[in-house]
Asker: 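So that we are looking at the same thing, I have put the structure below in structure tokens.
Here is the naming used below: chain letters follow the sequence lines, and residue numbers restart at 1 for every chain. Keep in mind that what you see is a predicted model, and the values were worked out from it rather than measured.
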Amino acid sequence: MKEVTFTVDGKEITVPEGTLIIDACEENGIYIPRFCYHKHLFPSGNCRMCLVKIEKNPKPQPSCMTQVSDGMIVYTDTPEISEMRKAMLEFVLINHPLDCPICDKAGECMLQDQYMEFSGDKSRFNETKVAKEKLYHFSDKILYDAERCITCSRCVRFTEEVSKTNKLGILNRGDTSYVALAHGDTFDDPYSYCVTDICPVGALTSKKFRFKERVWYLHKTESICAGCSRGCNITIETKDNKIYRVRPRENEKVNQSWMCDFARDFYIDPMKNRTSGTQVDHKNVTYENVVGEVVSLLKEHGNEMTFVLSAYATNEELALAKQLIDSAEVKGIFTKPDRVWHEGSEEVKSDDILVKEDKTPNMTGIRKIFPAAKDLSEMIISDYKYAFVWGPNAAVDKLDGLQIISLSAMRDQVSDKAKWAIAGRFAAEKHGSFTNCDGIVQPFRRALKGENNYDELIFFVGILKGLGVEPVGRTVEEVRKAAE
Amino acid sequence: MSYQIPGLPDMEYMDRQKRTFLTQIYYREVARGVWITTKHFFRNMWKWMTFRKGGVVVQYPEETRPDMSPNNRGRHVLVQRSNGESRCVACQMCGTVCPAECITIEAEESKNSTIQRKPKVFDIDISRCIFCGFCVEACPVDAIRMLASTENLVGYNRFKMIYDKDTLLNWHPVVNDDVVHGYNP
Ligand code: SF4
Ligand code: SF4
Ligand code: SF4
Ligand code: SF4
Ligand code: FES
């Protein structure tokens, strides 16, 4: 691709042809304030916050609409430009309600931030502000406050370009304009929470997060969504070991800046049917006890055992499981879908935006590490006496007559039936990595503490040591290093 | 709390005494403690006998000092609206600014749609409060104030010193419906 060189504030910058000035500057450490421009939406140039001075151009130009050309000389910090920014902020703030104390966006609001950075002027507006609808229920997920809206049209462009539902539009002109749905419509869009992230102000807010916690108290952990095999990059925001919200993290190759609504609710809703502790014959026993029993089982009956893998397992756990299977000479290795799409559920089965039909995060990882693994439905029961079932949702009638060892975070028929039951952890409760549908390996970090003081990795390390095998690593980092 | 200020260096906030042989054998330190106590006892005794100020401490809470400044920052009150509800909108500004981290607030939806947000829980742990008054300054809607009085800020255990919303609203009701700061949500 052709490269062009231009100058910003006396600094020479070379970027590919066709780059917008706003992007070229940001990549090189010069932040140009903006409201309407979003990296993954088509620029619309309506807020005029991003004006810059371009030499030989009589008027300032919006940098989000102007492509870089060779030899262009751009100024972003002249007194004239900073006056313009102040004037734009004053315009925006004329009818802005200053709801910050009761606004869920406060703390991460672009209007607050840019006002503090680029203006700081006192209000000169003594007239009455225009009053508009403050509680406009777009759907049972999204609430709209017309007074806070700065009509940047990001949300409208999102429904046009990304989710393609075309639900939102802007009505009226000037200070009476607001975002609206068609009459009698509701904003049911499988990606609707994304508009609350891209809204630069607190006009669109999530009802689930409404008044739950102030954003500056939330601890952010980088994670990977376990909702489907796309593996969207997400940030899990927690406080006191509780998830308050989940937001997408930017990744050009996987999910750009989006994620589906289902996964957000999936993380926030308290998980039901969790397993806890370790049981043998439905009696609580110590963890060491169970490890000991499983080790002796593997030693004596390894060749009569089948191993059913979980597609929620991380790559590191799978590596240790492989070591275990090899050293105990376990015979049959099977996989199963850990979560299936139910007819009539609100979740999207699959679409060509993000959601994939495979609802587990790491089936690609299993395929890579265990190329020989077959589907559970192909199992012939008479070959085995014991089944090591990892993860939920195994078809229980497929395991009739087998003695079951269950390692699962979710209670289901299999873990209830199991002779040896060990509670596991969810993706949000452990470190690890998933391989997504396109084969991209994505590491994630633990966001929640988790109930049990062990996780699957530690469990496998314990078993390997019991079998007299040196595990390739005892922590996620060590296993990852050994796999390289 | 999960909120951290990045980039702050690790600092020693106390002048720690060096551990030497003399401080390790505790007889010397015990003797030093007894000496300090005795010194103060006789000094105060002398002040009392010569009728000077500062001889005897105030027997709080039975007595309070008569020479307290009218600007003293004493106990907190939550200001009421005329219908008896709190003016507070549970914005957490006070809880954020509080250096002792002693304010706990949980917000909920108000039935009044022009107010929208109100506190469900508003606790001040008075045993941790350092009476700095930052919370009063931070409040955008003048919902929290401090009285000059320091009467009866006592409790037999530390849980009795966590004052909840009802106590703070009612122990000295202040009703104020004025728009004090430009915007009154
Ligand atoms: S959108 Fe931003 S500036 Fe407006 S009320 Fe909310 S936090 Fe304040
Ligand atoms: S609701 Fe938010 S994103 Fe939509 S136009 Fe208004 S300010 Fe922009
Ligand atoms: S007076 Fe200071 S320490 Fe006490 S509650 Fe207010 S801010 Fe916190
Ligand atoms: S600062 Fe004022 S309005 Fe905000 S939570 Fe504290 S008392 Fe309530
Ligand atoms: S960001 Fe360029 S005009 Fe809005």
Asker: What part of A:Asn241 gets within 4.5 angstrom of chain B, counting heavy atoms only: side chain, backbone, both, or neither?
Answerer: neither

Asker: Rounded to the nearest 0.5 Å, how far does OG of B:Ser110 lie from CZ of A:Phe211?
Answerer: 9.0 Å

Asker: Taking all non-hydrogen atoms of both residues into account, name the closest pair between B:Pro140 and A:Pro101 and its distance.
Answerer: CG-CG, 3.7 Å

Asker: Might you confirm whether atom CE of B:Met45 has over 12 heavy atoms from other residues, nucleotides or ligands at distances under 6.0 Å?
Answerer: no

Asker: Could you check B:Arg117 against A:Asp99 for salt bridge (Lys or Arg N to Asp or Glu O under 4.0 Å), going step by step and ending with a plain yes or no?
Answerer: CA-CA 11 Å; B:Arg117 189 174 167 130; A:Asp99 274 348; over 6 Å; no

Asker: What's the spacing between A:Arg210 CZ and B:Gln116 CD if we round to 0.5 Å?
Answerer: 5.0 Å

Asker: Got more than 12 heavy atoms from elsewhere within 6.0 Å of NZ, A:Lys449?
Answerer: no

Asker: Determine whether more than 12 heavy atoms belonging to other residues, nucleotides or ligands lie under 6.0 Å from atom CZ of A:Phe91.
Answerer: no

Asker: Where does B:Glu106 contact chain A at under 4.5 Å (heavy atoms): side chain, backbone, both or neither?
Answerer: neither

Asker: Counting neighbours of NZ on A:Lys272 that are heavy atoms of other residues, nucleotides or ligands and sit closer than 6.0 Å, is the number greater than 12?
Answerer: no

Asker: A quick test of your reading: do over 12 heavy atoms of other residues, nucleotides or ligands sit less than 6.0 Å from CD of A:Glu133?
Answerer: yes

Asker: Check whether more than 12 heavy atoms from other residues, nucleotides or ligands sit under 6.0 Å from atom CZ of B:Arg52, and answer yes or no.
Answerer: yes

Asker: Identify the two heavy atoms, one from B:Val89 and one from A:Ile102, that lie closest to each other, and give their separation to 0.1 Å.
Answerer: CB-CG2, 3.6 Å

